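Written out below as structure tokens is the structure these notes cover.
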Amino acid sequence: MSFPKGFLWGGAVAANQCEGAYLEDGKGLSVPDMLLGGNAKTPRTFLPVTDPNAFYPSHEAIDFYHHYKEDIALFAEMGWNVFRLSINWGRIFPNGDDAEPNEAGLAFYDSVFDECRKYNIEPLVTICHYEIPWAIVTKYHGFLSRETIDLFVRYCETIFTRYKDKVKYWLTFNEINTPLMSLSGGMSNMYSLGLMEDEDINAKDPIKLSDIKSDTQHKWTALHHEFIASALAVKKGHEINPDFMIGNMICHITLYPLTCDPADMLAAQYEDDLKNNLCGDVHVRGEYPSYAKAIWKKQGVDPSFILPGDEEILKEGTVDMYTFSYYMSNCVTTHDDAETTAGNMSLGVKNPYLKASDWGWQIDPIGLRWTLNKIAERYPHLPIMVVENGFGAFDKVEEDGSIHDDYRISYFREHIKAMGEAVEDGVPLIGYTTWGPIDLVSASTGEYAKRYGFIYVDRHDDGTGDFSRSRKDSFWWYKKVCESNGEEL
Ligand code: BGP
């Protein structure tokens with residue numbers, strides 16, 4: 001494999017899934033702080049923090065807040081030159097609309113970025129990774145309100161100004177398209193848009209995430225407001241530092257027609273446009289694509305949320321790079337007898353040629369090569385980065401403390417090979433950050449047991465564990481990959 005010189009190799013985490021310290025140094029509550037744990041069979045539930053005996057995994061997570069120096073040293077040992085992390089909005093503006101930012105929160109990320117720089121690791125910062133301050137949900141219903149656009153832009157201006165010499169790469173919203181995925185409904189509306197109805201906000205008993213109510217018109221309205229917020233942020237960022245590279249972030253679940261029935265082909269095209277393409281088209285081209293109107297018509301949506309002036313804002317705030325997460329693919333069919341499968345907030349049809357993880361996510365490295373080519377053709381010359389890819393699995397710790405995760409190595413080997421082939425195909429791929437390089441809390445299930453890391457963390461779903469870190473076999477393997485620029489797989 002020959003990856004371009006200077007290719008970015010590293011890993012990705014989100015603040016709410018690793019930091020813990022959920023109320024420390026002035027941080028306010030954010031959406032994930034309201035979520036209890038679940039597992040592959042039992043869905044996560046939502047309960048506004050009222051129950052002192054309940055276990056909220058994000059409250060302590062893996063305590064990155066107090067272990068970041070040790071963790072970044074381990075990342076450096078693997079030979080990384082990039083680390084994707086998110087800033088937890090609630091550390092900077094605890095209530096979202098505070099008059100002044102929280103200095104302790106700003107100082108924390110100063111230290112994290114300084115630590116990265118010490119090892120020549122470039123931080124890649126997600127500005128909002130499912131971390132909308134809870135007060136913005138209760139007071140403004142998240143991005144349903146246009147006031148939240150201003151709150152977001154002020155938050156961006158604050159961090160862009162503060163870190164303008166420490167951070168070059170930024171992503172506005174993590175997986176902005178998940179509210180358009182079929183399984184997500186209320187769950188990703190809440191996660192992604194901060195959108196909840198009062199009845200759910202005031203729940204006294206745990207609610208299954210899949211039961212959180214969602215309204216289609218509200219969803220599209222809030223999503224439009226995120227597009228506007230993202231475009232304004234890009235514009236503001238470039239005013240503060242013209243060298244900033246600011247990207248979007250799409251959850252790309254590659255979709256194939258199950259059969260060569262033309263009706264399946266058409267259905268797959270519709271689903272692909274809705275779920276994978278629409279958000280990227282708005283971010284990259286600065287306008288809604290032609291097919292958006294047909295989707296809104298089909299879903300009974302009135303696009304009157306597009307106000308005069310919005311179209312200009314979208315045009316002026318197009319992104320500098322396209323980034324996406326890639327874990328799996330799904331099939332689409334119009335035939336009734338197909339076997340369905342769920343994974344990564346999406347419901348799909350099983351692909352008879354693919355195996356799946358213990359959580360049902362279908363493993364498809366060739367799909368990554370296909371997807372990279374598709375994106376490169378759709379948005380010519382735009383730099384592309386794969387900013388999440390990984391394998392959630394149960395790990396077994398041997399008596400001597402070693403962890404032989406060859407299944408994880410083989411998942412990564414095949415996906416990195418596919419990226420190398422895509423580079424040879426001509427795709428302008430500039431970097432790769434694996435998901436959860438250190439074990440952390442799963443977003444969909446809230447588990448610790450669904451482990452992604454090269455680094456094991458002693459922390460478990462019953463709340464036990466001493467947070468100690470240790471290297472899995474995959475740690476040594478990925479170190480070799482990073483140090484050889486992808487040549488040694
Ligand atoms: C993506 C999210 C991440 C992450 C990952 C793995 O959708 O951006 O936050 O968690 O998926 O998913 P899970 O944690 O549910 O296994």
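As the structure is a computational prediction, the values presented were derived from the model and not from experiment. Both ligands and their constituent atoms are indexed starting at 1 by order of listing.
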Using 30° and 60° as the class boundaries, would you call the ring planes of Tyr411 and His415 parallel, tilted or perpendicular?
parallel
Check for a donor-acceptor pair, side chain of Thr148 on one end and backbone N or O of Gly142 on the other, with a separation under 3.5 Å.
yes
Proximity winner for atom 16 (O) of ligand 1, if only heavy atoms of Phe391, Trp359, Tyr452 are counted:
Tyr452
Applying the side-chain hydrogen bond (donor to acceptor under 3.5 Å, both in side chains) criterion to Arg91, which one of Glu131, Glu24, Glu19 satisfies it?
Glu19
Closest protein heavy atom to atom 12 (O) of ligand 1, given as residue, atom name and distance to 0.1 Å
Trp361 CH2, 3.4 Å
Check whether any heavy atom of His129 sits under 4.0 Å from an atom of ligand 1.
yes
for atom 10 (O) of ligand 1, nearest protein heavy atom and its distance come out as Gln17 NE2, 2.9 Å
Top protein contact for atom 7 (O) of ligand 1, by heavy-atom distance:
Glu175 OE1, 2.6 Å
Donor-acceptor check, side chain of Arg451 to backbone of Val457, threshold 3.5 angstrom: yes or no?
yes
Has the side chain of Tyr163 got a donor or acceptor atom that lies under 3.5 Å from a matching backbone atom of Leu106?
yes
Using a 4.0 Å cut-off to any heavy atom of Ala443, which atoms of ligand 1 qualify?
9 (O), 10 (O), 13 (P), 14 (O), 15 (O)
Report the relative orientation of the aromatic rings in Tyr22 and His59; use parallel for angles under 30°, tilted for 30 to 60°, perpendicular for over 60°.
parallel
When you compare ligand 1 with Ser444, is there at least one nitrogen or oxygen pair between them that comes in under 3.5 angstrom?
yes
Atoms of ligand 1 less than 4.0 Å from Glu388 heavy atoms?
1 (C), 2 (C), 3 (C), 4 (C), 5 (C), 8 (O), 11 (O)
Side chain, backbone, both or neither: which applies to Ser442 and ligand 1 if a contact is any heavy-atom pair less than 4.0 Å apart?
both
State the atoms of ligand 1, each with its element, that fall below the 4.0 Å cut-off from a heavy-atom position in Asn174.
8 (O)
Counting only heavy atoms, which portion of Tyr191 has something under 4.0 Å from ligand 1: side chain, backbone, both, or neither?
neither
Hey, can you tell me if Phe143 and Phe173 have their rings parallel, tilted or perpendicular (30° and 60° cut-offs)?
perpendicular
Per-atom filter on ligand 1: closer than 4.0 angstrom to a heavy atom of Tyr327 are 5 (C), 6 (C), 11 (O)
What is the ring orientation for Phe83 with Phe75, classed by angle as parallel under 30°, tilted 30 to 60°, or perpendicular over 60°?
tilted
